[in-house]
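In each ligand, atom 1 is the first atom listed, and ligand 1 is the first ligand listed.
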Amino acid sequence: MPCLPGGHRILPVKHFVDTQDFSREELSELVGLILLLKEADRDGAVPDLLRGRSLGMIFEEPSTRTRVSFEVAMVKLGGHALYLKPGEIHLGKRESLYDTAKVLSRMCDVIEARTLEHGTVVELAADAEVPVINGLTDYNHPTQAVCDLFTISEHLPPGRRLNECTVVFVGDRTNVCSSTMFIATQFGMNFVHAAPAAYQAPPEWVEIATANCADSGGSVAVTEDVEAAVAAADFVYTDLWWWVDQEDEIPARRAVFMPRYQVNEELMARAPEHAKFMHCLPASRGVEVTDAVIDGPRSIVFDQAENRLHAEKGILVWLTYPTLGPPASPKLRQHYEDRVHDYLSQVGWEVATARP
Ligand code: CP
């Protein structure tokens with residue numbers, strides 16, 4: 001089992017690449033940890049469970065929430081994070097992914113990666129000797145999904161349980177759409193993707209979600225009938241209609257989504273009164289959602305955004321803390337400081353540090 005700076009591994013390494021890699025029980029356990037660490041944050045008492053530990057953060061694409069939440073989470077847990085972006089590291093260009101994974105594993109205690117292609121995160125995880133966390137790929141966004149599950153559990157309709165709720169995802173089949181579909185059906189919720197035919201969730205996603213439902217009792221459906229779908233929604237979720245590499249498709253996409261699939265007051269008026277509005281952000285205001293909805297009383301988008309921080313704390317601790325040995329005692333640290341002091345003195349340095 002590989003050694004880490006400052007500790008010894010006592011459990012095998014777990015990666016966080018897809019929520020489908022975990023059972024409902026394991027994900028529930030993670031949600032419990034997120035709740036605990038959110039409470040600790042409210043009391044200004046987040047324990048430094050990752051004291052002195054390092055998170056390497058690879059970002060092939062820009063990010064606000066994922067970057068900031070992981071970095072702040074590490075600091076709150078007593079560690080620190082390094083922002084590693086293409087052009088500043090050799091990732092996959094002047095150095096193989098394998099070598100990058102091996103090198104980062106020797107220097108960092110955990111790796112987060114947002115990559116253009118899902119295969120890149122999968123390969124990093126296969127080669128790394130420390131936990132690798134998927135911070136969004138072209139396929140999925142599992143840290144967002146866990147955060148959204150947690151946020152939904154905080155905003156359940158009165159007297160209802162998760163497996164009695166319906167999530168309606170309106171718009172393009174984005175990576176957030178796939179992750180929401182998977183986690184909702186893992187937890188026995190009803191999930192509906194409402195989109196124009198050419199932008200609906202593909203059969204392979206529906207197959208995964210259907211298998212989840214066979215186990216959880218949930219349901220999955222894909223429809224063009226957004227009005228009927230929203231009428232049964234407890235949560236209406238949307239995401240961007242195009243990403244930066246799809247800008248040449250904007251006119252075609254706008255034509256097919258607008259106005260029917262825009263989440264505006266008219267569409268939200270079709271939903272039950274208690275239904276909440278969700279968006280992973282960033283949002284294109286006036287495109288997939290109007291200001292009146294995203295800033296309105298049914299919107300929980302900033303709760304989602306804040307919960308990214310608590311979710312990242314939970315994920316980092318869940319994957320990393322149990323694999324670390326106990327921290328070195330103050331006595332052991334002092335022993336090494338004394339040895340360094342003596343060594344430098346012996347080789348001729350006048351060590352200025354005051355000795356006790
Ligand atoms: N929701 C989300 O992942 O946001 P960022 O792209 O800002 O990280």
| field | Side-chain ion pair, Glu129 and Lys102, N-O less than 4.0 Å | value | yes
| What ring pair (Phe, Tyr, Trp, His ring centres under 6.0 Å) pairs are there with at least one residue in residues 266-315, not counting sequence neighbours? | none
| field | Sub-4.0 Å heavy-atom environment of ligand 1, residues by chain | value | Ser63, Thr64, Arg65, Thr66, Arg114, His141, Gln144, Cys280, Leu281, Arg308
Please output the side-chain donor-acceptor pairs of residues 70-86 that fall under 3.5 Å, not counting sequence neighbours, one pair per line with the distance.
unit_1, atom_1, unit_2, atom_2, d
Lys76, NZ, Asp41, OD1, 2.7
His80, NE2, Ser54, OG, 3.2

| request: Establish, for the pair Lys313 and Trp318, whether the NZ or CZ atom is under 6.0 angstrom from the six-membered ring centre and no further than 45 degrees off its axis. | output: no
| request: Among residues two or more places apart or on two chains, list those pairs meeting side chain to side chain donor-acceptor pair (under 3.5 Å) that have a residue in residues 186-200. | output: Thr19-Gln186, Thr166-Asn190, Asn190-Ser219
| field | Sole residue of Glu312, Arg308, Glu112 in side-chain hydrogen bond (donor to acceptor under 3.5 Å, both in side chains) with Ser69 | value | Glu312
